[in-house]
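First the structure, in the form of C-alpha cells, and then the observations on it.
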Amino acid sequence: MLIILFIYGACMGSGLVALADRYATHTSVFYPASHCDTCQTPLVYWQLVPILSYLLLRGRCHYCQAAIPATSLLIEFIAGLVLTTLTPLTVIPVLWLGLWGYAALCDARTQTFPGWVSWVAVPITLPMQSLTVVLITIALLVGIHLLWSHFPNPPIGDGDLEIILSYHLLWGVTATAQWLLTASLMALIYSGIKIRSSFPFLPFLLTSALAWWLFQ
Ligand SMILES: [Zn+2]
C-alpha cells in the first residue's frame, strides 16, 4: 500500500510541477501536450514517468540535451513521501500540503499564485473549529483580501498571511511558532546568500511545513 501511495504521490507531484509551469508561462493547462521547455519537442510516454524518466534521461532532454531542473525530481520524490502518510485521519493535512505546495511552486516562479488556492486551503481547516473561530477566520480572510492591495509596500504578502492563518487553524499555536521559526531561518540564510529586495516566502513556509510533517 505504501508503494502504491508513493507512486500516486510522485504522479501528483509531477502534475503540480506541470500545473505551476503552465501558470508561470500563462499557457493552457490542456494544450499543448507535455513538451521540452527548450526545444518544444512533445514528450513520449516513457519520458513522462515521474522519477524514473528523470533517472533514465540522466536529467537531460532526450532530443536537445537541455538540463531538466533537478527540483522536479525532488518534488516528485517528496510528494510521493507525503502521500505515504495518507490515512483517513490525515486527509485534510495532506490535502493542505498539496494545495499550498502548488501555490509555493507558482510563487517561486512569479511571486504570485492563483487566488482560489486560499479560498480552498483555508476553509478545509474549518470543519473542526467552533463557530466563533469560523467567523473570525472568514472576517480575517475577507479583511486581508480587501486591505492588502492598498498597502504600497507590504512587508509580507497576503498569501503568506493566509497560509499562516490556515497552518495555525490546523496545527495550533506552538506548532505554528516552530514552523514559522524554521521557515524564517531558512529564508534568512537564503537572503544572506542572495541579497535581494524581495523574494517569495511561500516556498520556505512550505519546505518548513513539509519538514515538520515528515519529521512527525
Ligand atoms: Zn529539448
Side-chain angles (χ1 to χ4, degrees), residues 3-84 94-95 97-117 121 157 159-160 163 183 185-211 213-214:
I3 293 168
I4 292 169
L5 282 173
F6 181 85
I7 293 168
Y8 270 110
C11 293
M12 287 174 188
S14 175
L16 288 184
V17 172
L19 286 176
D21 186 59
R22 298 291 167 109
Y23 174 78
T25 53
H26 306 288
T27 44
S28 160
V29 171
F30 304 104
Y31 181 83
S34 295
H35 54 276
C36 166
D37 287 336
T38 308
C39 65
Q40 311 297 321
T41 312
L43 304 178
V44 293
Y45 70 93
W46 66 269
Q47 296 157 354
L48 289 164
V49 184
I51 300 174
L52 288 181
S53 290
Y54 185 93
L55 300 175
L56 276 173
L57 291 162
R58 295 168 195 262
R60 296 202 165 269
C61 170
H62 181 63
Y63 307 102
C64 71
Q65 299 300 308
I68 304 165
T71 42
S72 331
L73 175 71
L74 188 66
I75 291 161
E76 288 163 3
F77 183 74
I78 291 172
L81 275 187
V82 168
L83 213 70
T84 61
V94 169
L95 184 60
L97 287 166
L99 285 164
W100 285 113
Y102 168 61
L105 287 170
C106 295
D107 193 38
R109 297 272 301 269
T110 62
Q111 293 206 26
T112 61
F113 65 87
W116 64 262
V117 174
D160 302 319
I163 190 177
L185 187 66
M186 287 190 287
L188 268 177
I189 294 168
Y190 173 81
S191 61
I193 296 167
K194 276 180 130 177
I195 294 174
R196 44 179 72 197
S197 57
S198 77
F199 57 85
F201 192 37
L202 267 191
F204 296 102
L205 289 167
L206 212 276
T207 307
S208 172
L210 285 168
W213 179 251
L214 292 173

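Numbering of residues begins at 1 and proceeds along the displayed sequence.
Pairs passing the salt bridge (charged side-chain N to carboxylate O under 4.0 Å, His left out) check and including a residue from residues 41-51, sequence neighbours excluded, do not occur. Sorted pairs that involve residues 33-61 and meet salt bridge (charged side-chain N to carboxylate O under 4.0 Å, His left out), not counting sequence neighbours, are lacking altogether. Each ring-ring contact (aromatic ring centres under 6.0 Å, His included) pair with one or both residues in residues 9-46, not counting sequence neighbours, appears once here: Trp46-His62. Sorted by first then second residue, the salt bridge (charged side-chain N to carboxylate O under 4.0 Å, His left out) pairs that include residues 5-15, not counting sequence neighbours, number zero.
The structure places CD1 of Ile3 at 14.0 Å from OH of Tyr8, a figure rounded to the nearest 0.5 Å. Separating the CD1 atom in Ile4 from the CG atom in Leu83 is a distance of 11.5 Å, to the nearest 0.5 Å. Going from atom CD1 of Ile51 over to atom CG of Leu56 covers 12.0 Å, rounded to the nearest 0.5 Å. Annotation: the span from Ile78 atom CD1 to Leu73 atom CG amounts to 9.5 Å, rounded to 0.5 Å. Rounding to the nearest 0.5 Å gives a distance of 5.0 Å between CG of Leu210 and CG of Leu206. One distance of note links OG of Ser191 with CZ of Phe201; it measures 10.0 Å at 0.5 Å rounding.
Remark: Tyr63 engages Gln47 in a side-chain hydrogen bond (donor to acceptor under 3.5 Å, both in side chains) (not counting sequence neighbours). Remark: Pro69 engages Thr71, Ser72 in a side-chain contact (heavy atoms from CB on, under 4.5 Å) (not counting sequence neighbours). For the ring pair (Phe, Tyr, Trp, His ring centres under 6.0 Å) test, residues two or more places apart in sequence or in another chain that qualify with Phe77 are Phe6. Partners of Ser208 according to the side-chain contact (heavy atoms from CB on, under 4.5 Å) rule, which considers only residues two or more places apart in sequence or in another chain, are Trp179, Thr182, Ala183, Met186, Trp212. With sequence neighbours left out, the side-chain contact (heavy atoms from CB on, under 4.5 Å) criterion links Leu48 to Ser34, Leu43. For Thr38, there are no side-chain hydrogen bond (donor to acceptor under 3.5 Å, both in side chains) partners at least two apart in sequence or on another chain.
By the 4.5 Å heavy-atom criterion applied to side chains, Pro42 and Pro32 are not counted as neighbours.
Summarising the geometry of Pro50 relative to Ser14, their closest heavy-atom pair is CG-CB, 3.9 Å, with the distance given to 0.1 Å.
Residue Leu55 qualifies as enclosed at atom CG: its count of foreign heavy atoms under 6.0 Å is above 12.
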Do any side-chain atoms of residues 97-109 form donor-acceptor pairs under 3.5 angstrom with protein atoms, and if so which ones, sequence neighbours left out?
unit_1: Trp100; atom_1: NE1; unit_2: Ser166; atom_2: OG; d: 3.4
unit_1: Asp107; atom_1: OD2; unit_2: Leu202; atom_2: N; d: 3.2
unit_1: Arg109; atom_1: NH1; unit_2: Asp21; atom_2: OD1; d: 2.9
unit_1: Arg109; atom_1: NH2; unit_2: Asp21; atom_2: OD1; d: 3.1

